[in-house]
Amino acid sequence: MALRQTQKQSQALFPQMIESMSLLQMGIQELREYLENALQENPVLELPEPGDAPAPAEELSRQLDWLSAYDAQNAHYYVQDAEDVHWDALACEGYYLDEESDLKRYILSQFPDTRLEPEVMRAVEFLVSRLDSDGLLEEDLPELCGMSGFSPQIMQRAIIELQAADPAGVGARTLSERLRLQLERRAGDHRLAVAIVENHLDAVAHNRYGLISRTLGATEREVREACTLIRSLNPRLGTSFAVRENLPYITPDLWVSTFPDHFELSFNDTALPQLTLSPYYTKLLRETEDPAVRRYLTEKVEAAKWIIRSVSLRRSTLLRCAQWVVERQEDFFRLGPKSLLPLTMKEVARALELHESTVSRAVKDKYVQCERGVYPLSYFFSRPVGRETASPEAVKELLRELIRKESAPLSDQKLCEALSRRGYSISRRTVAKYREELGIPSAAGRKK
């Protein structure tokens with residue numbers, strides 16, 4: 001075998017470059033945790049002293065005033081803190097009561113100094129531990145008995161006691177049973193509504209009042225009144241209960257301020273710790289003559305400089321990408337989602353002379369706050385619908401508007417034709433897909 005020598009070029013990524021790309025794609029929460037860990041592990045990194053921080057500039061004050069002005073509008077996009085609730089410790093005889101459900105705690109709090117026999121009370125506690133986040137029991141009676149060791153008689157009594165607790169419908173095995181339990185607590189004669197929830201929930205969902213009327217022998221008016229009552233019930237009990245630790249918070253990376261003649265984009269610097277090099281350790285590095293100390297400090301200083309440089313690069317790259325997006329999507333910020341234009345990351349990469357993967361990392365898990373709310377930066381990227389110059393979000397907004405203004409429910413084909421008359425040629429199947437993504441029922445389901 002002959003030996004040959006060839007020359008070629010290849011690109012190698014240094015560990016620091018990999019770390020820099022990793023920081024670029026981190027969301028603001030993840031990056032904050034990363035910087036806080038780096039602050040603990042690297043003594044050369046430190047936070048600036050309060051006295052070293054620059055005085056608030058007029059720019060920052062104006063941004064804060066703008067955010068305050070739109071507080072009522074943006075409140076919808078933030079999950080508010082729940083009121084402080086202090087729960088006494090509840091003994092569950094070894095049964096696991098997960099800490100994520102205040103619903104379970106609320107149910108157990110209704111059994112203090114209970115009159116129930118100890119075995120029945122233990123069965124109730126077991127049942128509470130088996131409830132899902134909406135208060136439903138997923139297992140049937142034989143399964144519950146087999147898992148707990150209680151007899152069917154004890155378990156049946158425990159189920160009755162549990163279903164008598166608040167909120168109404170807790171401990172039900174099915175949605176139908178939950179609605180029936182809620183109806184039974186309503187004053188008046190609701191036998192028709194009970195019959196409907198037990199056998200015709202699917203017909204209720206599709207507004208098939210005539211079918212229900214013929215099947216149950218009631219007038220269509222009575223059926224409509226019963227269905228109105230059924231729709232006033234609560235099918236999901238867990239939505240009224242939440243745990244503070246599990247509330248999702250979104251911290252925007254960028255703020256877009258709208259002015260009559262221009263937009264201003266600013267970075268949310270307050271969301272991240274502003275790390276600096278420690279003057280003490282940098283001075284020690286210059287003055288020490290101990291080789292081990294010098295080697296250790298040199299390594300830590302270089303690592304600290306790289307982190308600070310990478311964070312600064314992340315900031316500038318994100319600002320460049322977001323600025324280009326804001327300029328391209330100007331109509332969205334002034335007129336709303338129906339004016340959202342199609343945009344690809346390839347276009348941004350070409351305009352900014354970046355690699356497409358860099359734009360993808362910069363966009364990932366980043367959020368923008370404007371007067372319309374908080375949006376993921378990826379929201380502004382989409383491919384055009386068909387051969388048109390509209391984005392899917394713009395078509396969905398128009399579809400929502402058409403349905404909102406319809407005098408009688410339009411079929412997907414009719415909606416397709418209406419969109420075509422407005423210049424958006426998409427298939428009936430795409431209309432059905434967008435309608436389902438918007439959570440809008442079909443024409444049969446929209447009948448009144």
Side-chain angles (χ1 to χ4, degrees), residues 13-57 60 63-64 78-79 81-82 84 98-100 243-255 266-319 321-322 357-358 360-369 374 376-377:
L13 294 177
F14 293 102
Q16 293 91 339
M17 295 176 64
I18 296 175
E19 183 180 25
S20 180
M21 290 188 294
S22 176
L23 262 63
L24 177 60
Q25 70 180 5
M26 286 183 183
I28 201 164
Q29 302 284 6
E30 186 180 1
L31 180 59
R32 181 189 298 153
E33 292 177 6
Y34 174 87
L35 295 179
E36 288 172 352
N37 289 335
L39 188 64
Q40 297 294 324
E41 295 171 0
N42 192 336
V44 176
L45 285 171
E46 67 177 18
L47 295 173
E49 294 294 330
D52 298 336
L60 178 58
Q63 291 170 1
L64 293 176
Y78 288 99
V79 182
D81 285 349
D84 290 334
D98 75 77
E99 296 180 356
E100 297 183 357
V243 178
R244 181 184 299 273
E245 289 77 4
N246 293 330
L247 293 176
Y249 287 89
I250 292 178
T251 303
D253 300 79
L254 301 155
W255 295 329
S266 53
F267 196 81
N268 186 5
D269 289 309
T270 60
L272 297 172
Q274 305 300 309
L275 303 183
T276 62
L277 295 180
S278 168
Y280 172 78
Y281 284 108
T282 52
K283 180 181 179 182
L284 181 61
L285 175 60
R286 292 193 301 269
E287 297 177 351
T288 184
E289 297 180 358
D290 188 323
V293 174
R294 176 175 291 276
R295 186 166 52 252
Y296 173 80
L297 288 179
T298 299
E299 177 185 338
K300 293 299 182 182
V301 167
E302 289 302 316
K305 286 181 178 179
W306 187 264
I307 289 175
I308 294 173
R309 190 180 306 119
S310 297
V311 172
S312 177
L313 179 61
R314 173 189 181 274
R315 183 183 189 278
S316 61
T317 303
L318 179 54
L319 276 172
C321 293
S357 64
T358 302
S360 176
R361 290 188 178 95
V363 168
K364 184 178 182 293
D365 296 333
K366 312 303 189 301
Y367 290 84
V368 176
Q369 179 171 339
V374 178
L377 194 53

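- Residues Y367 and T251 approach most closely at CB-O, 4.4 Å, considering heavy atoms.
- Closest of all the heavy-atom pairs between L31 and L23 is CD1-CG, 3.9 Å.
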- Message: Run the side-chain contact (heavy atoms from CB on, under 4.5 Å) test on V311 and L275 for me, step by step, so that the C-alpha distance in whole Å, both residues' side-chain angles and the decisive distance to 0.1 Å come before the verdict.
- Response: CA-CA 10 Å; V311 172; L275 303 183; over 6 Å; no
- Start with the C-alpha gap between L318 and L377, add the side-chain angles, then the distance that decides, and say whether side-chain contact (heavy atoms from CB on, under 4.5 Å) holds. CA-CA 10 Å; L318 179 54; L377 194 53; 3.9 Å; yes
- Item | Step-by-step salt bridge (charged side-chain N to carboxylate O under 4.0 Å, His left out) determination, D253 to R315 | CA-CA 9 Å; D253 300 79; R315 183 183 189 278; over 6 Å; no
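- The line from CG of L47 to OG of S278 is 11.5 Å long, rounded to the nearest 0.5 Å.
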- Could you check Y281 against V301 for side-chain contact (heavy atoms from CB on, under 4.5 Å), going step by step and ending with a plain yes or no? CA-CA 8 Å; Y281 284 108; V301 167; 5.7 Å; no
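- Between the K366 side chain and the R361 main chain, a donor and an acceptor come within less than 3.5 Å of each other.
- With values rounded to the nearest 0.5 angstrom, Q25 atom CD is found 8.0 Å from S360 atom OG.
- Annotation for I28 and A271: closest pair CD1-CB, 3.3 Å, computed over non-hydrogen atoms.
- A distance-only check finds no donor-acceptor pair linking the side chain of K364 to the backbone of A362 [under 3.5 Å].
- Atom OH of residue Y280 and atom CD of residue E46 lie 12.0 Å apart, to the nearest 0.5 angstrom.
- The CG atom of L277 sits 10.5 Å away from the CD1 atom of I307 when rounded to the nearest 0.5 Å.
- Ion pairing between R295 and D290 fails under the 4.0 Å rule for side-chain N and carboxylate O.
- Distance alone, capped at 3.5 Å, is enough to place a donor-acceptor pair between the Q274 side chain and the D269 backbone.
- Under the 3.5 Å distance criterion, the side-chain polar atoms of R294 are matched with a main-chain donor or acceptor of T288.
- Side-chain atoms of N268 come within 3.5 Å of backbone atoms of P252 as a donor-acceptor pair (strictly under, hydrogens ignored).
- Rounding to the nearest 0.5 angstrom, the gap separating the CG atom in L313 from the CD1 atom in I308 is 14.0 Å.
- R32 places no side-chain N or O within 3.5 Å of a backbone atom of L272 that could act as its donor or acceptor partner.
- Side-chain atoms of L319 and L254, non-hydrogen and from C-beta on, do get closer than 4.5 Å to each other.
- The distance from the CE atom of M21 to the CE atom of M26 is 12.0 Å, given to the nearest 0.5 Å.
- Put simply, the side chain of T317 never gets that close to the backbone of R314: no donor and acceptor are under 3.5 Å apart.
- Listed for the N42 side chain is a donor-acceptor partner under 3.5 Å among the backbone atoms of K300.
- Looking at S310, its side chain does come within 3.5 Å of a backbone N or O of W306 through a donor-acceptor pair.
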